[in-house]
Structure formats: structure tokens, C-alpha cells
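Numbers restart at 1 for each chain; the letters A, B, ... are given by sequence-line order, proteins then strands. FYI, side chains are in, hydrogens and waters are out, and symmetry mates aren't considered; it's all heavy atoms of this structure.
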Number of protein chains: 2
Amino acid sequence: MQLSTCDTKRCFLCTASIPEWRDVITARKETRIYKKGELIFTEGDKVSGIYFVYEGAVKVHTHWGEEKELIIRFSTTGDILGHRGIAGEVYPVSATALEDTKVCFITNEFLEATMKTNPLFTQRLLQFYASELQKAERRMRNLAHMEVKGRIAETLLELQQIFGINKEKYIKLPITRQDISAHAGTTYETVFKFFTELTNANIITTSGKSIRINSEKKLRAYIPV
Amino acid sequence: MQLSTCDTKRCFLCTASIPEWRDVITARKETRIYKKGELIFTEGDKVSGIYFVYEGAVKVHTHWGEEKELIIRFSTTGDILGHRGIAGEVYPVSATALEDTKVCFITNEFLEATMKTNPLFTQRLLQFYASELQKAERRMRNLAHMEVKGRIAETLLELQQIFGINKEKYIKLPITRQDISAHAGTTYETVFKFFTELTNANIITTSGKSIRINSEKKLRAYIPV
DNA sequence: CGAATTATTGAGAGCAATCAACTGATGTGG
DNA sequence: CCACATCAGTTGATTGCTCTCAATAATTCG
């Protein structure tokens, strides 16, 4: 395991903390690089701490039966992973690197000690959770009532919002249709057919696994309300 | 607005707090009774504080378009309401009393002040959020991949688990098929037809709006994995 | 008692999953 | 270098589930 200190300017844990505390945590944090495709933690693993994404892209996902999976969210630089574990013994979800990803790891003991001595940090963490909860509930509603095309459209917009675009306006992270379908709660084929439709209407352009949204407005037309 | 102090033995806010702090909050809490069907807060309302259910039953729900709604969760004695609002300016969901419900209200200012001075409380609240997040993500997965019958079955089991059963083994809270469908993310008619099927197979018994689960095992057969 | 709302059931339509077939790219062994 | 196998990508056809709509029955309410 490769260890190094964090760049405190980019890390949620560091920027959230009070200055005095930052010095302490900077010295204690362990950083590791996960290769593309590598599992960071798995559903059912014993919770040992919390992760902060220093740099890279990660999918947080949970399986359903043998074949199906649902991607709960995509995470990138500055995001927190494994925080659902706080409430239980084991992680209820898995996390997989979508590209080479640098992650800071904080042990449970250290996290708890920090929360005890740093109320401001705990409060920030609380707000983060509340905001995650809002997103989760919004997504619940979408999965329940929005039809497939709308959910795929939302996934695309979310990917663009999370990972940003490069100078050619392509979404920075190349992503498989498989992952898009797993996030939208649909099948590979359905995503494929919708992509063909979107490409023909010049709403998106694809180049391998890179995607460019040409007309956000037209894409949003698939999302009623 | 009817005001009274809370029974600290049943209130999450009180039991979570350290003893010294309990005396303070007991004096400050405002309690109000909401009539069955009454809105406690509405999607879009400015966040003014957090609610604790002293006694009763509440649905937390969000709408989709004009007609459709999704019930995010059911709450009862000891649960917290409006906590999603912490992260934003307005409530992203609504809460409606399903029966006459007694609710404690804590203002934002007081909540924040409490968190600042009471790290233990903040930590308890954090754990509560983490557990809510886990539930939300589990539900996300179900809505995405489980078919309708399974989702209705889950709703029934959840209702029984949350509200308990009376001496005739009926779920304590009488609930409309409308609300069940809104929680399962389906339509009234579909719930109705499935109920007929379940009743014929003697898996459930209905009497008006009361429901009794006769065979939890058979009901679970509709929930794969 | 009549009107309006709610419950119940049936028939039909539509969306999306599943299945299957085809294409093209890459690899492998003769 | 070619024949064949394999596998991912692509597309079409079919099936089935669930929503929608509509019609009838029951109940509530004025």
C-alpha cells in the first residue's frame, strides 16, 4: 500500500476541519492509488474507515441478484466514500475505480476521535449527509416515476456535471453504456437504442466511450416536470 | 399552536442528548398536534427547524407532476422529520399526518447551537443520517430492479415493522391502497389486483383499511434475493 | 332518495426487457 | 495467410408486465 500525505487544499476532510486539526490529520492520513477497475471496498466488507477521493473517478454500486447492479452514484475528486458504513458493521455498497484513483483513508477510530474533538467537522459532515440524503430521495422519485429515456438523460447530465467537460466538450470520463444503464436502472440494449436516437437527432455525439452533449436543452426535453 | 414539553423518555432528541442538556431542551421544545391528513410541512417551504414525532404516524412524500406522488418513508413515534432540510433552504419533501400526530419542533437556531455545544448529540444525529442513507439506497435499488409485486410486498412488511401489530395481528395503522401504491411506486389498481391475489391465497387479510399479514414467508416469496 | 365519490374488475395499449440474430473486429492455430 | 472461433457491438422481433382507460358495483353523503 502506497502511503503519502494529502493535498489539504483539495480534501473535504481537510478543508472542513479547523486549522489546528488539519496539521494533525495531514500527518496521519494514508493515501493509496487504485487501478482502473479495482474494487476499493465491497458490499459486505467490514467497515474499517472512511475514504476521501483525492483524484480520479469512482462508482458506488450495489448488486441485485446475480446479474443486475445499480450504480448509486458517481464520485470524483473531493468526494467521500464509505460514509454509509458509519451506521453499520459492513458496507452496504461497493466502490470501484473507473480510472486510476487516488484515495485517502481514515480509520474509524481516528474519525470518531476527530468528531469528538471537532464539532465543526462533525457538523460539516452532517450537512454533507443531509445533502446526500436529498439526492438519494430525488433519485428514488426518478426511478419510481420517470420513464427510461428520462432516467438515461438524467444520468448523462449528472455525468457531465460531476466529471466536467474537456476542451472538445466531451465528458471528461469515458464511460461504458453498461455503467450508464446500471445508473439509469435499465438494460444495455435500451441505452444503446436511445443513444442511436440521440445521435441521429444530434443531441449527443459519441466517440468510443466518450460522450458529448450537444444540446442540453433538447436532452432535458426527455425529463418532464 | 399548542405548546407543551416533551416526554423526554421517548424523544430521540432527548435520549440522544447528554443529561445536562436535556433540562434545557425540555423547557424549550414546542409540541403541537396535527390532525389526520394535515400537512406538517410542504415541499418548497422555507426550512425553519426540525421535527420529532412524539406520537402518531406520518408519511414523508414528494410529488411528481400533477398527479403522481412517491412516499419516501413512513414515520412514527421517536422518528425525526424535516432533517433533509438541513442541507438546503427549503424542504425537498412534504410531511402529512396519517393519524392525529403529536410533534415536537426545534428551531434551526436552537438545533445549531445545540450541535455546537453537544458533540455527542451531533454524532448521534450523524449516525441517524447514515442509517437513513442506507435505507434510501436500498429502496433505490428496489425501485430500480424489483418488480411491482415485490415492491408492494416490501411496503407491507415495512408497514408492519414500523407500526407494529395489534392483538388481532392487524397492522396498527389503517392505510389506504392509495398510500401503499405511492410507496411502492405503482398505481392504485395494481395494488388492488395484487391484494385480491394475496387475499385469495390467504397470505393477507383485509378489513376495511386494516391489513393483516397471515404468512410473512409466502409474502417474502415475492421478493427475490 | 339521488348524486357523488370510491371500490372493483376487465380489456387494451405501450413500453421496455428479453431473446436471438447479425455484424465486424480481434485473435488463434493450422 | 487464411479459415475459423470468439467476443463485443448492434439491431430487430417477440413477449410480458404494468399502466391506462373504461365500465360497473358499492358506499357515502347531502
J.: Do A/Ser75 and A/Val60 come within less than 4.5 Å of each other through their side chains, counting heavy atoms only?
T.: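 In short, these two side chains touch, coming nearer than 4.5 Å.
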J.: Heavy atoms under 4.0 Å is the rule here; annotate nucleotides 23-29 of chain D 5' to 3' with B where the base is hit, S where only the sugar-phosphate is, and - elsewhere.
T.: -------
J.: Do NZ/NE/NH1/NH2 and the carboxylate oxygens of A/Glu38 and A/Arg32 come within less than 4.0 Å?
T.: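 Salt bridge present between A/Glu38 and A/Arg32.
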J.: Tell me every residue that passes side-chain contact (heavy atoms from CB on, under 4.5 Å) with A/Glu197, counting only those two or more places apart in sequence or in another chain.
T.: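 Partners of A/Glu197 under the side-chain contact (heavy atoms from CB on, under 4.5 Å) test: A/Lys149, A/Phe194, A/Tyr222.
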J.: Could you list the donor-acceptor pairs under 3.5 angstrom formed by side chains in residues 43-53 of chain B, with sequence neighbours left out?
T.:
residue: B/Glu43; atom: OE1; partner: B/His63; partner atom: N; Å: 3.2
residue: B/Glu43; atom: OE2; partner: B/Thr62; partner atom: OG1; Å: 3.2
residue: B/Asp45; atom: OD2; partner: B/Thr42; partner atom: N; Å: 3.0

J.: Could you tell me which residues satisfy ring pair (Phe, Tyr, Trp, His ring centres under 6.0 Å) with B/Phe195, sequence neighbours excluded, listed by chain and number?
T.: none
J.: Give every donor-acceptor pair under 3.5 Å between a side-chain atom in residues 202-210 of chain B and any protein atom, sequence neighbours left out.
T.:
residue: B/Asn202; atom: OD1; partner: B/Asn214; partner atom: ND2; Å: 3.3
residue: B/Thr205; atom: OG1; partner: B/Arg212; partner atom: NH2; Å: 3.4
residue: B/Thr205; atom: OG1; partner: B/Asn214; partner atom: ND2; Å: 2.7

J.: Of all nucleotides in DNA chain C that come within under 4.0 Å of a heavy atom of chain B, which is furthest toward the 5' end and which toward the 3' end?
T.: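 On DNA chain C, the outermost contacted nucleotides are C/dA7 to C/dA11.
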J.: Quick check on D/dA8: is either OP1 or OP2 less than 4.0 Å from any side-chain nitrogen or oxygen of A/Arg177?
T.: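 The answer is no; no side-chain N or O of A/Arg177 sits under 4.0 Å from OP1 or OP2.
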J.: Can you name the residues that form a side-chain contact (heavy atoms from CB on, under 4.5 Å) with A/Ala136, not counting sequence neighbours?
T.: B/Leu133, B/Ala136, B/Met140
J.: Tell me the salt bridge (Lys or Arg N to Asp or Glu O under 4.0 Å) pairs involving residues 181-190 of chain B, sequence neighbours left out?
T.: none
J.: Return the angle between end axes of the helix from C/dC1-D/dG30 to C/dG30-D/dC1, with five pairs used per end and rounding to 10°.
T.: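 For the helix from C/dC1-D/dG30 to C/dG30-D/dC1, the axes at opposite ends meet at about 20°.
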J.: Taking only residues two or more places apart in sequence or in another chain, which ones pass side-chain contact (heavy atoms from CB on, under 4.5 Å) with B/Lys59?
T.: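 Listed in chain order: B/His61, B/Glu69, B/Ile71, B/Phe74, B/Thr96, B/Leu98, B/Asp179.
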J.: Taking only distance into account, with no hydrogens and no angle test, what donor-acceptor pairs under 3.5 Å do side-chain atoms of residues 162-175 of chain B form with protein atoms, sequence neighbours excluded?
T.:
residue: B/Asn166; atom: OD1; partner: B/Glu168; partner atom: N; Å: 3.0
residue: B/Asn166; atom: OD1; partner: B/Lys169; partner atom: N; Å: 3.2
residue: B/Asn166; atom: OD1; partner: B/Tyr170; partner atom: N; Å: 3.0

J.: Do the charged groups of A/Glu137 and A/Arg141 touch, with an N to O distance under 4.0 Å?
T.: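 Salt bridge: no.
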J.: Would you call A/Glu132 and A/Lys135 a salt bridge, taking side-chain N to carboxylate O under 4.0 Å as the test?
T.: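 So A/Glu132 pairs with A/Lys135 through a salt bridge.
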J.: Across nucleotides 15-22 of chain D, 5' to 3', mark each nucleotide with B, S or - according to how protein heavy atoms within less than 4.0 Å reach it.
T.: ---SSBB-
